[in-house]
Engineer: 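Questions regarding the structure given below will be posed in turn.
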2 protein chains.
Amino acid sequence: MLIGELAHAAGATTPTIRFYERQQLLPTPLRSGNGYRDYNTADLDRVRFIRAAQSSGLSLAEIRGILDIRDDGQPPCRHVSDLIDNKLAEVRRRMAELVALEQELQRLGERARLLNPAECGDSDICRIIDTARDPIPAP
Amino acid sequence: MLIGELAHAAGATTPTIRFYERQQLLPTPLRSGNGYRDYNTADLDRVRFIRAAQSSGLSLAEIRGILDIRDDGQPPCRHVSDLIDNKLAEVRRRMAELVALEQELQRLGERARLLNPAECGDSDICRIIDTARDPIPAP
DNA sequence: CTAAACCATGAACCTGGGTTCAAGGTCAAG
DNA sequence: CTTGACCTTGAACCCAGGTTCATGGTTTAG
């Protein structure tokens with residue numbers, strides 16, 4: 001299989017495959033007589049695995065950790081399971097941050113609606129965002 | 001005010017203040033006789049504004065947009081209001097992505113619990129993540 | 001025979017928001 | 001008069017996950 005075929009079949013691009021090789025995510029491939037990389041279905045499975053793991057939020061470094069265990073001849077189940085638990089906790093932390101950010105933005109949006117542009121003096125940069133002189137004129 | 005005092009008062013570091021200056025977020029400051037940057041309270045307000053806007057999820061480029069309008073003598077209310085609305089939509093998109101990711105990770109976590117490591121052959125990389133040969137042995 | 005469509009390599013570049021480094025000037029206290 | 005804590009500059013570096021570029025070889029269709 002040529003590199004372009006591999007890339008296409010796995011939903012990646014040719015430079016990305018070479019990049020994965022440099023990052024030790026893919027083994028040094030065989031070469032055809034003309035010097036072209038020659039891939040097999042195991043390589044395709046591997047790239048597909050990388051993309052699947054990536055779409056589950058794993059970083060390339062974490063994926064390499066899994067592949068290294070596999071290449072060592074061991075089942076990576078335990079490691080993967082821990083990785084998933086940690087990632088889930090991380091996703092939940094990030095979601096909590098986004099909820100807080102959403103609330104903050106909603107607060108700012110309401111301020112923007114209550115605030116009369118004509119009342120914005122030159123002394124502040126933006127009374128919507130600036131919380132220093134906080135109070136808003138009573139309606 | 002010295003740069004270190006400004007940084008400290010605004011909750012930033014000295015290199016960050018210089019960085020903001022390079023990024024045109026802060027005007028070229030006055031210099032004291034010894035060549036030191038000399039800041040006033042308007043500068044402090046400005047840095048505080050930048051930090052407040054950043055903590056509401058605005059990028060430095062967006063913040064510069066607001067400051068440019070201000071420096072132009074106009075009230076940036078309308079622009080800021082739009083920015084906030086867009087940012088809110090973006091945060092909600094990102095949250096939806098994270099919810100999907102959370103579900104995916106939960107699914108993988110359950111798979112990990114159902115899957116018997118002893119059954120993981122050498123033929124796959126990791127049956128928890130790999131969805132190719134999906135079915136899991138009935139309990 | 002030539003043009004298109006592949007492939008090869010190494011190196012540089014991108015985003016964002018800074019941090020770190022190297023080499024040197026300034027100023028107050030002890 | 002020296003030590004330490006400031007300040008100055010430009011340039012390089014960090015993270016991740018690639019993309020882009022320059023230059024050149026190979027193969028296939030017309």
Engineer: Rounded to whole angstrom units, what separation is found between the CD atom of A:E5 and the P atom of C:dC6?
Structural biologist: 10 Å
Engineer: Tell me which pairs pass side chain to side chain donor-acceptor pair (under 3.5 Å) where either residue lies in residues 9-23 of chain B, with sequence neighbours left out.
Structural biologist: B:T13-B:T16, B:Y20-B:R51, B:Y20-B:Q54, B:E21-B:R37
Engineer: Spell out protein contact along nucleotides 13-26 of chain C as letters: B when the base is contacted, S when just the sugar-phosphate is, - when no protein heavy atom is under 4.0 Å; keep the 5' to 3' order.
Structural biologist: ----BBBB----BB
Engineer: With sequence neighbours left out, write down each residue that passes side chain to side chain contact (heavy atoms under 4.5 Å, CB included) with A:A89, or none if nothing qualifies.
Structural biologist: A:R93
Engineer: In terms of the nearest nucleotide of DNA chain D, which residue is placed more toward the 5' end: A:G33 or B:D38?
Structural biologist: B:D38
Engineer: Transitive ILVMFWY cluster of B:I69 at side-chain heavy atoms under 4.5 Å: who else is in it?
Structural biologist: none
Engineer: When you list every nucleotide of DNA chain D with an atom under 4.0 Å from a heavy atom of chain B, which one comes first 5' to 3', and which comes last?
Structural biologist: D:dC6 to D:dT9
Engineer: Under 3.5 Å, side chain of A:E5 to main-chain N/O of A:L2, donor-acceptor pair present?
Structural biologist: yes
Engineer: Categorize B:R37 for me: base, sugar-phosphate, or nothing, with a 4.0 angstrom heavy-atom threshold over every strand shown.
Structural biologist: sugar-phosphate
Engineer: Distance check needed: C:dC7 C1' versus A:R31 CZ, whole Å only.
Structural biologist: 10 Å
Engineer: Enumerate the residue pairs fulfilling salt bridge (Lys or Arg N to Asp or Glu O under 4.0 Å) with a member in residues 78-87 of chain A, sequence neighbours excluded, ordered by first and then second residue.
Structural biologist: A:E62-A:K87, A:R78-A:D82, A:K87-A:E90
Engineer: With a cut-off of 3.5 Å and sequence neighbours excluded, list every side-chain donor-acceptor pair involving residues 26-34 of chain A.
Structural biologist:
residue : atom : partner : partner atom : Å
A:R31   : NH1  : A:G35   : O            : 3.0
A:N34   : OD1  : A:Y36   : N            : 3.0

Engineer: Please identify each residue that fulfils side chain to side chain contact (heavy atoms under 4.5 Å, CB included) with A:A61, with sequence neighbours left out.
Structural biologist: A:S59, A:R64
Engineer: I'd like to check the side chain to side chain donor-acceptor pair (under 3.5 Å) partners of A:E97; sequence neighbours left out, ordered by chain and number.
Structural biologist: A:R94
